[in-house]
2 protein chains.
Amino acid sequence: MVANFSFHINPHLFKKNPEESAIGREIVSNSIDLINNLGIENFTFKKLATKIQHTEATIYRYFENKQMLLLYIVSWYWHYLDFLIDYKIQNLAEPKQKIQEIISILSQNLSETKLTSYYNMAAIFEIVIREGNKVYLHTEVKEINKIQLYKPYKDLCEKISLLFQTYNSSYKFSHSLASTLVETSHLHIFFTENLPRLTDVNEENKNSYTHHFLSDLIFKSLN
Amino acid sequence: MVANFSFHINPHLFKKNPEESAIGREIVSNSIDLINNLGIENFTFKKLATKIQHTEATIYRYFENKQMLLLYIVSWYWHYLDFLIDYKIQNLAEPKQKIQEIISILSQNLSETKLTSYYNMAAIFEIVIREGNKVYLHTEVKEINKIQLYKPYKDLCEKISLLFQTYNSSYKFSHSLASTLVETSHLHIFFTENLPRLTDVNEENKNSYTHHFLSDLIFKSLN
DNA sequence: TTAATTGTGATAGTAAAGCTATTAATGTAA
DNA sequence: TTACATTAATAGCTTTACTATCACAATTAA
């Protein structure tokens, strides 16, 4: 399926809406590739400017700094996930099936769950896994939270949390379990690839490992 | 209890061992306060140099860059945790009690579990919670892993994992559960403080919340 | 005792990163 | 046609990140 996603993005994320001009779209789309290749620490607006044949100052007209651009990309992912979850579970009858589907999406059995878009989705996933929690793990978290920039993440957790409640209304930690599911899925995809001794992955179970672990974790908590 | 911890720190972490000179100890001890106050992104060797009345170049004689200094601090914490766990569980008979004790330590019911040291322990904890996973969430993770700089973290997970196995030998994800326990404890301490809607914390359960959630998560997984 | 060696921190840089004030060009409205 | 507003480019500045070299003191060697 090919769709043109357009989510309501919090205007505090940018100085000028990058969706509304060709240069803006070039900035976002090329930054996704560049951040993925270099990592956010080595990524600079200068390098991006060179890549898209414009000047640094032009990029500063759209984004306050590279951290805001990263948050823009990660926000886009949160909205995308929210949308994808709705899309995937709408025809499933049982809460259990819906939860299983969410776990599948987060474990990235990608071929089946991916929706394509204008952006390089594989690069966005890698960015979110490696850089995602840097958008809140810093000293300005409270100020950024005040202007609602983490709302899409909270909404996503709220959605998953409600499903958990539907499945087992006596469970006391549904929000925590939802955020833990999202965070643990990202970390585990990173660990299985880079630090496998922090997991129990091996050659045989490689493809399904993260999915199995997350299913075990979530359903044992909920039952 | 007051103790003078001295762990075997991997020599790749520094250019010159900071434990072996007064200036080296000043560098580490003051960097802990400064990184805690500024965050690793705003922390610079120049600011640290000003604080300790020496030059930037002096600091560069000890540490390659601020990321290595952060990894030094986080490594110190991993060793400390490993030591503290041994110290706290040695007199406990049952695996269940031992696991409960580890969860207590990680939930930071601090007053009881803290061992004091030359360094500002409260600052180290805050650094680990906010900056800890930045030491591996980057593009050079594989090179750093090759020179064994994550070994103390892996050893810590191995220790916790073995306890899980003793408690329930049929559980298949003991390493994953160990790393998830450590990571989730850090994230949840951060969330309850800064992004409470990602959890189910409230005014009444505030103090014990993280501990309850982690206990529920771990023992349901293991039973 | 003097000369050579070694280990230390200080000085003084450079290149890149991060950001901004000003100017120039283009499009729109009166 | 002129005034105004929007947008990008130019050129800069400050800070960060890092390094080459120097100076000094302690140690050792002749």
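Just so it is clear: chains get the letters A, B, ... in the order the sequence lines come, proteins before strands, and each one is counted from 1.
- The interatomic distance linking B:Leu48 (CG) with D:dT16 (C1') rounds to 14 Å, in whole Å.
- B:Tyr62 has a side-chain polar atom (N or O) that falls below the 4.0 Å cut-off from OP1 or OP2 of C:dG9.
- Residues A:Glu193 and B:Lys142 are paired through a salt bridge, judged by an N-O separation under 4.0 Å between the basic side chain and the carboxylate.
- For B:Phe45 and D:dC18, the CZ to P distance is 8 Å, given to the nearest whole Å.
- In this structure, the CG atom of A:Leu69 is 12 Å from the P atom of C:dC19, given to the nearest Å.
- Rounded to whole angstrom, the span from the CD1 atom of A:Ile40 across to the P atom of C:dA17 amounts to 13 Å.
- Proximity note for A:Ala57 (side chain, C-beta onward) versus C:dG9, C:dC19, D:dT10: the nearest is D:dT10.
- Using a 4.0 Å cut-off, some side-chain N or O of A:Lys47 falls inside it from OP1 or OP2 of C:dA17.
- As judged by a 4.0 angstrom heavy-atom cut-off over every strand, B:Thr44 is placed among residues touching the sugar-phosphate backbone only.
- The CZ atom of A:Arg61 sits 8 Å away from the C1' atom of D:dT6 (whole-angstrom rounding).
- OP1 or OP2 of C:dA10 lies within a sub-4.0 Å distance of a side-chain N or O belonging to B:His54.
- In this structure, B:Lys151 places its NZ atom where only 12 or fewer heavy-atom neighbours from other residues, nucleotides or ligands lie under 6.0 Å away.
- The pair A:Glu131-B:Lys134 does not count as a salt bridge, with every side-chain nitrogen at least 4.0 angstrom from each carboxylate oxygen.
- Within the 4.0 Å cut-off from OP1 or OP2 of D:dA8, not a single side-chain nitrogen or oxygen of A:Thr58 is found.
- Here the side chains of B:Ile144 and B:Val141 are not in contact, with every heavy-atom distance at 4.5 Å or above.
- Nearest to the side-chain atoms of A:Ile23 among the listed nucleotides D:dA8, C:dT11, D:dC18 stands D:dA8.
- In this structure, A:Ile27 places its CD1 atom 11 Å from C1' of D:dA8, rounding to the nearest Å.
- Between B:Phe45 and B:Phe43, the ring-plane angle classifies as perpendicular under the 30° and 60° cut-offs.
- We find that CG of A:Leu38 is positioned 10 Å from P of C:dA17, with the value rounded to whole Å.
- Computed from coordinates, the A:Lys46 NZ to D:dG12 P distance equals 13 Å when rounded to whole Å.
- Distances from the side chain of B:Tyr60 to the nucleotides C:dC19, D:dA8, D:dA17 place D:dA17 closest.
- In terms of phosphate contacts, B:Lys16 brings a side-chain nitrogen or oxygen within less than 4.0 Å of OP1 or OP2 of C:dT8.
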